[in-house]
4 protein chains.
Amino acid sequence: MRSKAGPGGAPTFTKTARRAQILACAIEAIAETGYGRASLAEIARRAGVSKGVVSYYFTSKDELLTQVVLDVYGRAGAAIAARTDTETDPSAVLTGYVEANLAFLDEHPADIRAVTEIAMNLRTPEGAPRFTPSGADPVLTHLEGLLRAGQEAGSFRDFDAHALAILVRGAIDTASGRLVTDPDFDLSTYTRELVALVGLATRRTP
Amino acid sequence: MRSKAGPGGAPTFTKTARRAQILACAIEAIAETGYGRASLAEIARRAGVSKGVVSYYFTSKDELLTQVVLDVYGRAGAAIAARTDTETDPSAVLTGYVEANLAFLDEHPADIRAVTEIAMNLRTPEGAPRFTPSGADPVLTHLEGLLRAGQEAGSFRDFDAHALAILVRGAIDTASGRLVTDPDFDLSTYTRELVALVGLATRRTP
Amino acid sequence: MRSKAGPGGAPTFTKTARRAQILACAIEAIAETGYGRASLAEIARRAGVSKGVVSYYFTSKDELLTQVVLDVYGRAGAAIAARTDTETDPSAVLTGYVEANLAFLDEHPADIRAVTEIAMNLRTPEGAPRFTPSGADPVLTHLEGLLRAGQEAGSFRDFDAHALAILVRGAIDTASGRLVTDPDFDLSTYTRELVALVGLATRRTP
Amino acid sequence: MRSKAGPGGAPTFTKTARRAQILACAIEAIAETGYGRASLAEIARRAGVSKGVVSYYFTSKDELLTQVVLDVYGRAGAAIAARTDTETDPSAVLTGYVEANLAFLDEHPADIRAVTEIAMNLRTPEGAPRFTPSGADPVLTHLEGLLRAGQEAGSFRDFDAHALAILVRGAIDTASGRLVTDPDFDLSTYTRELVALVGLATRRTP
DNA sequence: CATGAATGAGTATTCATTCAT
DNA sequence: TATGAATGAATACTCATTCAT
């Protein structure tokens with residue numbers, strides 16, 4: 001018997017499905033009730049299983065929440081890559097990046113909400129934030145790279161890539177909150193304005 | 001009839017000072033340890049008083065956190081108004097608004113962090129968010145008003161004021177997180193880029 | 001949907017036994033230490049379990065205490081019914097009622113004490129008493145019905161049934177307190193006197 | 001300075017008045033909100049003074065509640081004595097006793113309610129009840145004495161005086177609860193029935 | 001694999017009491 | 001005398017985690 005270590009060995013289909021189901025319910029719980037109220041009991045209830053099952057598939061709540069973040073990041077990254085990989089022109093890549101990001105928010109608002117809450121609240125046992133949007137933040141670094149690539153290709157004007165990357169990420173991230181709470185928020189208009197603005201910001205002035 | 005608990009009647013100097021001290025410690029605790037770990041015990045510990053004192057000055061944790069938000073909003077609004085009230089030209093008002101906002105972030109990053117966390121986490125007993133950045137969000141409405149005023153004065157081009165207001169707010173709000181966690185973040189550069197971008201976004205194309 | 005906390009679904013034997021055990025310990029604690037000192041910690045201590053167990057089987061202290069009242073009322077009512085259902089003559093029914101009541105007090109003094117304390121102290125969150133011996137008090141209404149039935153059958157004289165019911169209940173209820181605290185109190189003598197008095201009070205004067 | 005010992009020396013008029021006022025407010029608070037909610041803060045609030053004042057005039061809450069009981073007992077005893085001292089015939093004394101008791105309940109329901117709650121809840125630091133209606137209960141002993149006096153004078157029949165005293169006290173005490181909570185309760189009818197019953201219970205059968 | 005009973009640390013809150021002013 | 005600020009213990013309740021079945 002090897003029950004001590006939880007689901008080890010090669011991941012079976014059932015195992016993977018259970019994990020995915022629990023991750024989905026955790027996202028739903030956090031998005032709907034907030035970080036503080038998303039207890040393991042609440043997550044288990046939404047999954048229709050007992051608390052023990054959650055503990056069985058994830059060694060701790062910390063690990064569960066970490067997996068939520070990695071899961072969402074992975075799916076978001078894939079969706080964005082699928083959109084930008086087909087483009088070569090720096091401007092088109094950038095437009096694709098913004099559009100793919102906002103489209104992902106539109107299609108997965110709960111995922112974004114959950115990740116945001118986890119990033120703000122999850123801490124190490126010592127109290128330090130586990131997910132810090134630091135200088136090494138891969139999401140930001142990626143966008144910054146796109147901007148620099150455009151500059152190096154001579155397509156973009158001279159601006160501070162780090163600052164503009166932060167600015168654009170902020171404009172993207174804020175949209176997720178709006179989508180959930182602001183009934184007057186129109187994502188297509190917002191996307192159009194942001195794309196236009198990014199165009200103005202990067203375009204070489206004639 | 002006197003108030004049941006806590007300091008009633010005319011606020012004395014001591015009373016006001018204690019409340020301010022506790023508010024400051026609550027902000028510090030939330031900014032440093034996150035919403036979930038900012039217990040009344042932690043706040044009291046930072047203030048160097050017993051838990052009872054916090055309960056004595058604030059009838060509940062809910063009230064304490066609400067006061068934190070009102071306090072920070074009040075101070076931020078005053079700082080921004082002091083900067084924008086001296087300007088008349090729409091472009092100058094807008095630039096002043098952005099600069100005053102970012103300056104406030106620079107000078108009070110913990111306040112912003114605390115307010116953001118409270119807004120995301122504080123709930124009514126029924127589970128609904130207490131501070132929702134809804135369509136009626138006064139902060140956003142104010143900025144939207146500045147943009148519309150510039151359009152009506154003929155100084156700004158034709159854009160979606162609601163969308164641009166959200167975009168600029170997002171660009172401002174994201175800076176607070178960066179300030180705390182990103183060592184490479186240079187606020188003056190960021191301010192310059194954001195001001196430039198807002199200029200490009202609102203300027204009538206020649 | 002499963003219940004959020006505590007044992008849901010079909011009550012198993014273990015589950016029922018634990019609940020019964022905790023109810024018994026709650027009764028014991030209230031009867032011995034009084035309502036004010038009967039904390040969940042004290043009840044758990046007497047049950048030999050941790051505080052969490054009590055919260056696991058009863059969603060709140062309010063529910064636990066309510067169950068205590070319903071439990072005791074149920075058992076007392078059953079005991080009394082078992083004694084009175086075999087009688088048909090109004091006088092014999094009434095005598096049986098009094099005797100069964102006092103016998104229950106004799107056998108379960110702690111239950112009565114606990115119920116009395118809960119009835120006097122348990123309040124709704126708004127401050128109103130949860131168990132009020134109002135005009136609609138089923139215990140009293142039952143006795144009043146027995147008295148009226150005897151009058152309508154022509155066995156009893158003309159008296160105020162409501163007033164006499166209250167009087168007899170008062171005489172019964174006071175005995176429980178005496179049983180616990182008065183070493184000179186002899187229940188069999190008391191029963192004899194009360195039965196005699198009820199006889200005198202209801203008998204048609206010749 | 002002798003502030004350590006509270007109000008010592010000869011009781012001035014002011015002191016006596018303050019104590020009486022606080023006692024009255026304590027009674028009011030307990031009667032209206034119940035024992036558990038009658039905090040010193042609540043009592044002080046009703047008296048329009050600060051908590052410190054209550055602590056100044058009564059060394060502890062325990063002492064305050066004890067004084068409430070003694071105060072009410074004293075006033076009730078005086079009212080009953082005033083009524084029974086004018087009678088000499090045992091039957092008339094007994095009738096006067098019952099009537100004076102019920103009249104006091106009618107005129108001072110809050111006092112009775114408060115005393116009842118205190119008697120049930122107030123404990124010594126060791127957990128033992130402070131006011132126990134024991135065999136030596138002076139109130140009961142007094143009534144028992146009246147009954148025995150009637151028997152020794154040959155006016156009353158042969159009954160168990162202790163048991164009947166308990167029974168009558170129970171019938172009296174239950175009326176206070178009814179007065180407060182039962183809108184259908186008619187005290188004059190109840191008094192008539194109880195007096196009649198006591199007559200039947202003590203009368204020598206012809 | 002799955003359950004759910006049990007634990008124990010942690011939460012906000014209330015309150016009698018003390019004490020400097 | 002009187003105030004009210006401060007304390008610290010006690011309360012009910014929540015929840016991540018463990019474990020026998």
Side-chain angles (χ1 to χ4, degrees), chain A residues 1-4 6-7 12 14-15 18 36-44 49-62 64, chain B residues 2 4-9 12 14-15 18 36-44 48-62 64, chain C residues 2-9 12 14-15 18 36-44 49-62 64, chain D residues 1-4 6-7 12 14-15 18 36-44 49-62 64:
Chain A
M1 182 173 25
R2 146 186 79 57
S3 71
K4 204 68 169 290
T12 63
T14 324
K15 275 175 200 167
R18 262 274 192 266
R37 290 172 179 246
S39 65
L40 288 190
E42 174 65 18
I43 292 166
V49 298
S50 73
K51 285 184 301 174
V53 175
V54 178
S55 293
Y56 182 76
Y57 284 93
F58 298 90
T59 54
S60 67
K61 189 177 187 182
D62 191 294
L64 168 58
Chain B
R2 286 147 187 261
K4 187 173 185 176
T12 62
T14 327
K15 208 174 295 177
R18 258 278 188 268
R37 288 172 177 250
S39 64
L40 290 189
E42 173 64 18
I43 293 166
V49 296
S50 73
K51 285 187 302 174
V53 174
V54 179
S55 292
Y56 183 73
Y57 284 92
F58 298 90
T59 50
S60 67
K61 188 176 187 182
D62 190 292
L64 168 58
Chain C
R2 287 150 187 258
S3 73
K4 186 173 188 178
T12 63
T14 327
K15 208 174 295 180
R18 259 275 189 268
R37 288 172 177 251
S39 64
L40 290 189
E42 173 65 18
I43 293 166
V49 297
S50 74
K51 286 185 302 175
V53 174
V54 179
S55 293
Y56 183 74
Y57 284 92
F58 298 89
T59 50
S60 68
K61 188 177 187 181
D62 191 292
L64 168 58
Chain D
M1 189 180 8
R2 169 181 60 56
S3 70
K4 206 66 168 293
T12 64
T14 324
K15 275 175 198 164
R18 261 275 192 267
R37 291 172 178 244
S39 65
L40 288 190
E42 173 65 17
I43 292 166
V49 298
S50 73
K51 284 186 301 175
V53 174
V54 179
S55 293
Y56 182 75
Y57 283 94
F58 298 90
T59 52
S60 68
K61 190 178 187 182
D62 191 294
L64 168 59

> Looking at CZ of D/Phe58 and CZ of D/Arg18, how far apart are the two atoms once the value is rounded to the nearest 0.5 Å?
Replying inline: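 D/Phe58 CZ to D/Arg18 CZ: 11.5 Å, rounded to 0.5 Å.
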>> Nearest 0.5 Å, please: how far is NZ in C/Lys61 from CG in C/Leu40?
In response: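 C/Leu40 CG to C/Lys61 NZ: 5.5 Å, rounded to 0.5 Å.
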>> Which nucleotide, if any, forms a Watson-Crick or G-U wobble pair with E/dA12, using both distances under 3.5 Å?
In response: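 The base-pairing partner of E/dA12, which may sit in any strand shown, is F/dT11.
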>> Checking base pairs now: Watson-Crick or wobble, both atom distances under 3.5 Å. What partners F/dT21?
In response: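 The answer is E/dA2, by the H-bond criterion.
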> Taking the nucleotide of DNA chain F with the closest heavy atom to each, which residue, B/Ser50 or A/Gly36, is nearer the 5' end?
Replying inline: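 Taking each residue's closest nucleotide, the earlier one in sequence belongs to B/Ser50.
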What integer distance in Å separates [X]:[atom1] from [N]:[atom2]?
X: B/Lys15; N: F/dT3; atom1: NZ; atom2: C1'; answer: 11 Å
X: D/Phe58; N: F/dT1; atom1: CZ; atom2: P; answer: 14 Å
X: A/Tyr56; N: F/dA20; atom1: OH; atom2: P; answer: 16 Å
X: B/Leu40; N: E/dT11; atom1: CG; atom2: P; answer: 9 Å
X: A/Ile43; N: F/dA16; atom1: CD1; atom2: P; answer: 8 Å
X: A/Asp62; N: F/dA16; atom1: CG; atom2: P; answer: 12 Å
X: C/Glu42; N: F/dA10; atom1: CD; atom2: P; answer: 13 Å

>> So C/Ser60, base contact, sugar-phosphate only, or nothing? Heavy-atom distance under 4.0 Å.
In response: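 Touches sugar-phosphate only.
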> What does B/Ser39 touch in the nucleic acid at a heavy-atom separation under 4.0 angstrom: a base, only the sugar-phosphate, or nothing?
Replying inline: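 If one applies the 4.0 Å heavy-atom cut-off, B/Ser39 turns out to touch the sugar-phosphate alone, with no base involved.
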> C/Arg18 or B/Lys61: which one's nearest nucleotide on DNA chain E is closer to the 5' end?
Replying inline: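 It is C/Arg18, whose closest nucleotide lies nearer the 5' terminus.
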> DNA chain E: B/Ala38 or B/Gly52, which has the more 5' nearest nucleotide?
Replying inline: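 The answer here is B/Ala38.
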> What's the closest nucleotide to the A/Lys51 side chain, out of F/dA16, F/dA6, E/dT13?
Replying inline: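 Out of F/dA16, F/dA6, E/dT13, the nucleotide with an atom closest to A/Lys51's side chain is F/dA16.
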> Of the candidate nucleotides E/dT3, E/dA12, F/dA6, which contains the atom at the shortest distance from the side chain of A/Val53?
Replying inline: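 Of the options given, the side chain of A/Val53 lies nearest E/dT3.
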>> Using every non-hydrogen atom in the two residues, find where B/Glu42 and B/Arg37 come nearest and quote the distance to one decimal.
In response: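 Looking at all heavy atoms of both residues, the shortest contact is CB-O, 3.9 Å.
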> Looking only at heavy atoms, what is the nearest atom pair of A/Val54 and A/Ala44, with distance?
Replying inline: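 It is CG2-CB, 3.9 Å.
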> Counting only side-chain N and O atoms of B/Tyr57, is one of them less than 4.0 Å from OP1 or OP2 of F/dA6?
Replying inline: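 Indeed, a polar side-chain atom of B/Tyr57 lies that close.
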